[in-house]
S.K.: 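Pasting a structure below so you can have a look.
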Amino acid sequence: MLGGPAAGYNAAVLDAVALRRPLLIAVAVVAALGLGAELWDAASDGAVVDAVAPVLSLSYEANLPTWFASCLLLACGLAAMAIAAAEPVGARWRRHWWAVAGVLTAASLDEVAELHEHLGGHLHTGGVLYFDWVIFAVAIVAALALAFLPFVRALPARTRRRLIVAGAVYLGGAVVMELPLGWWTDRAGSDNLGYALIDWVEETIELYGASLVLLALVDHRAATR
């Protein structure tokens, strides 16, 4: 039977495979351009590099990498919305999918509006907790994890596994990497190559994690059509 479960699973795999290559290539290109801009900026000085670095660097805001990251997270939000809209009205987990879409859309907004920065500056911390907003971010993530635990457990094993890995990678960049970045900033400041390279690693991990989230959501949506 062409329309049986096996066909639906194959469609999901094909959809994920078709998206994976161009998506990861795009992430690699953005990351490579950002790294190149950082190294060029550290090695030379002049009007051209001063103009190019802020546009391509992953350490700057309101530039090409910021736009790409925001669009990537918005695509994740839209994918979650598509899953939520496809759920029958009254389905147990429909509201949870809408909530997932809301969280991802808020993350997209945060990329361009830097809302998380308003969480910082309230505590007198240093070292790895130099960026004190991380403390509040961990509390928020923990609360969300507890609230969504039953939902995550109810997901198909394939989707659950992929989303957990993707979320761990994304949070590893967005939150965990702020610890070594804070340690470095507390000791050497932020206007140096060391800061730029740590921040580049952080932002690249975030982009890769968001890509994995999108692939997992697209895979789930295709499998449940």
Side-chain angles (χ1 to χ4, degrees), residues 19 22-24 26-27 29-31 33-34 54-87 93-123 130-148 151-152 162-179 181-182 190 199-218 220-221:
L19 177 62
L23 182 59
L24 295 183
V27 170
V29 169
V30 171
L33 289 174
V55 176
L56 299 178
S57 171
L58 275 66
S59 295
Y60 285 76
E61 302 295 338
N63 61 359
L64 177 62
T66 301
W67 170 82
F68 180 74
S70 180
C71 288
L72 186 54
L73 288 168
L74 180 59
C76 292
L78 292 174
M81 288 181 195
I83 295 172
E87 289 282 308
W93 303 115
R94 190 169 190 261
R95 291 183 179 180
H96 289 75
W97 278 115
W98 281 116
V100 170
V103 170
L104 292 169
T105 303
S108 172
L109 175 62
D110 182 63
E111 281 293 331
V112 293
E114 298 183 77
L115 300 177
H116 68 275
E117 296 291 343
H118 296 289
L119 294 175
H122 304 292
L123 302 174
Y130 179 82
F131 299 115
D132 61 322
W133 68 265
V134 172
I135 299 172
F136 302 101
V138 169
I140 293 172
V141 169
L144 288 173
L146 288 175
F148 280 91
F151 166 71
V152 173
R162 295 186 69 177
L163 283 178
I164 289 175
V165 170
V169 172
Y170 180 80
L171 291 173
V175 179
V176 177
M177 280 301 299
E178 284 288 299
L179 302 180
L181 185 65
S190 59
D199 199 37
W200 177 82
V201 172
E202 173 183 332
E203 298 295 335
T204 300
I205 293 174
E206 281 189 48
L207 291 176
Y208 181 59
S211 299
L212 293 180
V213 172
L214 180 57
L215 290 170
L217 292 173
V218 169
H220 179 81
R221 177 69 185 98

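Please read all numbers here as calculations on a predicted model, not as lab measurements.
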S.K.: When rounded to the nearest 0.5 angstrom, what is the spacing between CG in L104 and CG in L109?
M.R.: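 The distance works out to 12.5 Å.
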
S.K.: Can you name the closest pair of heavy atoms from E206 and Y170 and give their distance?
M.R.: O-CD1, 3.3 Å

S.K.: Residues in side-chain contact (heavy atoms from CB on, under 4.5 Å) with I83, at least two apart?
M.R.: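 W97, L217, H220, R221.
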
S.K.: If every non-hydrogen atom of L115 is compared with every non-hydrogen atom of D110, which pair is closest and at what distance?
M.R.: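 It is N-OD1, 2.7 Å.
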
S.K.: Before giving the answer on side chain to side chain contact (heavy atoms under 4.5 Å, CB included), spell out for V29 and F68 the whole-Å C-alpha distance, their side-chain angles and the decisive distance to 0.1 Å.
M.R.: CA-CA 11 Å; V29 169; F68 180 74; over 6 Å; no

S.K.: Give me the atom names and distance for the closest heavy-atom approach of H96 to F148.
M.R.: O-CE2, 3.7 Å

S.K.: Could you give the distance from CH2 (W200) to CE (M177), rounded to the nearest 0.5 Å?
M.R.: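 So the gap between those two atoms works out to 10.5 Å.
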
S.K.: Please step through side chain to side chain contact (heavy atoms under 4.5 Å, CB included) for the pair V138 and V175, ending with a clear verdict.
M.R.: CA-CA 8 Å; V138 169; V175 179; 3.9 Å; yes

S.K.: Is any side-chain heavy atom of N63 less than 4.5 Å from a side-chain heavy atom of L56?
M.R.: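 They are not in side-chain contact.
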
S.K.: Locate the shortest heavy-atom distance separating T105 from G77; write the atom from each residue and the value.
M.R.: OG1-CA, 4.0 Å

S.K.: Donor-acceptor pair, distance only, cut-off 3.5 Å: does the side chain of S70 make one with the backbone of T66?
M.R.: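 No, S70 side chain to T66 backbone: no donor-acceptor pair under 3.5 Å.
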
S.K.: Which residues satisfy the side-chain contact (heavy atoms from CB on, under 4.5 Å) test with Y130, sequence neighbours excluded?
M.R.: T185, D186

S.K.: Roughly how far, to the nearest 0.5 Å, is CG of D199 from OG of S57?
M.R.: 7.0 Å

S.K.: What is the minimum heavy-atom distance between V213 and C76, and which atoms define it?
M.R.: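 Smallest interatomic distance, heavy atoms only, reads CG1-SG, 3.8 Å.
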
S.K.: Can a donor-acceptor pair be found, under 3.5 Å and without considering hydrogens, that links the side chain of D132 to the backbone of H122?
M.R.: yes

S.K.: Atom CD in E203, atom OG in S59: separation rounded to 0.5 Å?
M.R.: 7.0 Å

S.K.: Specify the closest pair of heavy atoms between L73 and A210, including all atoms of both residues, with the distance to one decimal.
M.R.: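 So the minimum-distance heavy-atom pair works out to CD2-CB, 3.9 Å.
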
S.K.: V141: what forms a side-chain contact (heavy atoms from CB on, under 4.5 Å) with it, not counting sequence neighbours?
M.R.: L171

S.K.: Evaluate the criterion side chain to side chain contact (heavy atoms under 4.5 Å, CB included) for residue pair Y208 and L24; output intermediate values, then yes/no.
M.R.: CA-CA 7 Å; Y208 181 59; L24 295 183; 3.9 Å; yes

